[in-house]
Trainee: 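The structure under discussion is supplied below as C-alpha cells; questions concerning it will follow.
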Amino acid sequence: MSDKLKVGILGGTGMVGQRFIALLENHPWFEVTTIAASPRSAGKTYEEAVAGRWKMDTPMPEAVKKLTVMNVNEVEAVASKVDFVFSAVDMSKDEIKKIEEAYAKTETPVVSNNSAHRWTPDVPMMVPEINPEHMAVIASQKKRLGTKHGFVAVKPNCSIQSYAPVLTAWKEFEPVEVVATTYQAISGAGKTFQDWPEMVGNVIPYIGGEEEKSEKEPLRIWGKVEDGVIVPADGPLITCQCIRVPVLNGHTAAVFVKFRKKPSKEQLIEKLREFSGEPQRLGLPSAPKQFIQYLEEDNRPQVTLDVDFENGMGISVGRLREDTVYDYKFVGLSHNTVRGAAGGAVLCAELLKANGYINKK
C-alpha cells in the first residue's frame, strides 16, 4: 500500500486536468488514483475518454490509462476514493462553487484551479511564496461549511504570475501605480494551434474577464486576514490590457511601475534574485529553487528560451530600465499552465500538506 496521498482530478480530461496528471506522475507525496469528468466521459477508461485529445508534449502516464473515469457529479462516490482533489472542471461559476463546496462537505479538501471561489471571503487564494498566511482563513471556512477537514483553496489567475511576484519582491519601495499589458498564450484558453488555427499569425486584443482579474486579484493576494476573512489591499492601483498572441505556452507582461520610494535599478534586481518564500524554506517538491531570475540580455525573457525555467515554476524578468513617465518598466514571463495553473495548484497542495491541512482520510 502506497504511503502517498490519494488524489482525484475533477475535470481530468481537459487541458488543465491533463497538466495535473502529467505533473503528478512520480510525485513523491501524491498519487492520482481517481479521475472524474462529465457524464459523457464517465465509464470510459481515461485513455478512451481522451483519445486524440491528449494535449501535453509528454506521453500520457501509463498509471492513468486504464483508470475508469467517474462522473464528477457523483460527489460521494468520487470523494470516498480519495484523500483530496484538484479541481479543473469546466462549468458555470455557480455550478463550480456548488460542486467544490459539495466535495469539501464530504471532508475532502479541494485545491482548485478555477476562478469561481477566488472572491469567496474565507477561501484562501494563494501564490505560496507570497501569501501562505492566508491559510489561516480555512478555520473560519470550515465553521461556515460545518466540516472538520474539508475546505476549498484556490490559486489566482495565470495572467498575474508574471508580474505580481515581481511587485511583491519590491514591496518595501511601495509601488503605487502599475500599468501592465499581458501577451497571453493560447493554452490559457485550453487550446492548441490544432484546435484554434485562426490564432496562427494572429493577435486578438480581448480575453473575456481577464483584465478585471489581472487588476484586482493581486490586491487580494496582498490583503490581510481579519476576523476570519481576507480583506484586499487598497493599492497599488493596477490597470491592465490582456491580449491573446500566437504562442502555445507562456504569458508575457510588459509592465510600468511608479514607486513611493524610488529605488535604484541595482536594488530592484537584487530584490528579485533574493526573493523566496515558504516553499523554498520548506523544500517543497514542486518549489523552484530560484523563484525569480533576472536576465541581463536585451532580448530576454523569451518564451522559447525561458518559459520552462525551473520546470515552468519560476518567473523570468528582463528589460528593467528607467522610464520617462513612470519610474521603471520591465518584462516578465511565466508558464501559464504550469506555474499559472496546475503547477501552482500542486504547490498550494504541497504547502497545505506541509502545514497539516491535507492528510490521509
Trainee: At what distance, to the nearest 0.5 angstrom, does NZ of K361 lie from OG of S80?
Mentor: 7.5 Å

Trainee: If only side-chain N and O atoms count, and only distance matters, is there a donor-acceptor pair under 3.5 Å linking R19 with T337?
Mentor: yes

Trainee: Yes or no on ring-ring contact (aromatic ring centres under 6.0 Å, His included) for F84 and F30, after CA distance, side-chain angles and deciding distance?
Mentor: CA-CA 10 Å; F84 77 101; F30 306 146; 5.0 Å; yes

Trainee: Just checking, K258 and Y326: is the charged tip under 6.0 Å from the six-membered ring centre and within 45° of the axis?
Mentor: yes

Trainee: Ion pair present between R273 and E296, side-chain N to carboxylate O less than 4.0 angstrom?
Mentor: yes

Trainee: Which residue pairs satisfy the salt bridge (charged side-chain N to carboxylate O under 4.0 Å, His left out) criterion with at least one member in residues 213-241, sequence neighbours excluded?
Mentor: R118-E217

Trainee: If you count the non-hydrogen atoms of other residues, nucleotides and ligands that lie under 6.0 Å from CD in E212, is the total more than 12?
Mentor: no

Trainee: Tell me, please, whether Y328 has K262 positioned over its six-membered ring: NZ or CZ under 6.0 Å from the ring centre and within 45 degrees of its axis?
Mentor: yes

Trainee: Could you pull out the closest heavy-atom pair between F151 and A104, with the gap in Å?
Mentor: N-CB, 3.6 Å

Trainee: Do V7 and T33 come close enough that some side-chain heavy atom pair is under 4.5 Å?
Mentor: no

Trainee: How close do T13 and Q18 get, counting heavy atoms only, and between which atoms?
Mentor: O-NE2, 2.9 Å

Trainee: Please check if the number of heavy atoms outside E76 that lie under 6.0 Å from its CD is greater than 12.
Mentor: no

Trainee: Any donor-acceptor pair under 3.5 Å linking the side-chain atoms of S87 with those of N113?
Mentor: no

Trainee: State, without any angle test, whether S92 and D94 hold a side-chain donor-acceptor pair at a distance under 3.5 Å.
Mentor: no

Trainee: To the nearest 0.5 Å, what is the distance between CD (Q184) and CG (N249)?
Mentor: 13.0 Å

Trainee: Counting neighbours of CG on D323 that are heavy atoms of other residues, nucleotides or ligands and sit closer than 6.0 Å, is the number greater than 12?
Mentor: yes

Trainee: Can a salt bridge be assigned to the pair K353 and E350 using a cut-off of 4.0 Å between side-chain N and carboxylate O?
Mentor: no

Trainee: Would you say P285 and W29 make side-chain contact, with heavy atoms under 4.5 Å?
Mentor: yes

Trainee: One pair to check against salt bridge (Lys or Arg N to Asp or Glu O under 4.0 Å): E101 and R144. What are the steps and the verdict?
Mentor: CA-CA 11 Å; E101 288 197 352; R144 175 174 65 82; 3.1 Å; yes

Trainee: Taking everything shown except N73 itself, do over 12 heavy atoms lie less than 6.0 Å from its CG?
Mentor: yes

Trainee: Do you see a donor-acceptor pair shorter than 3.5 Å between the side chains of E211 and S214?
Mentor: no

Trainee: Between K55 and D195, is the closest basic N to carboxylate O distance under 4.0 Å?
Mentor: yes

Trainee: For T304, check side chain to side chain contact (heavy atoms under 4.5 Å, CB included) against everything at least two apart and list the hits.
Mentor: Q302

Trainee: Can you list everything that forms a side chain to side chain contact (heavy atoms under 4.5 Å, CB included) with P121? Sequence neighbours excluded, please.
Mentor: V229

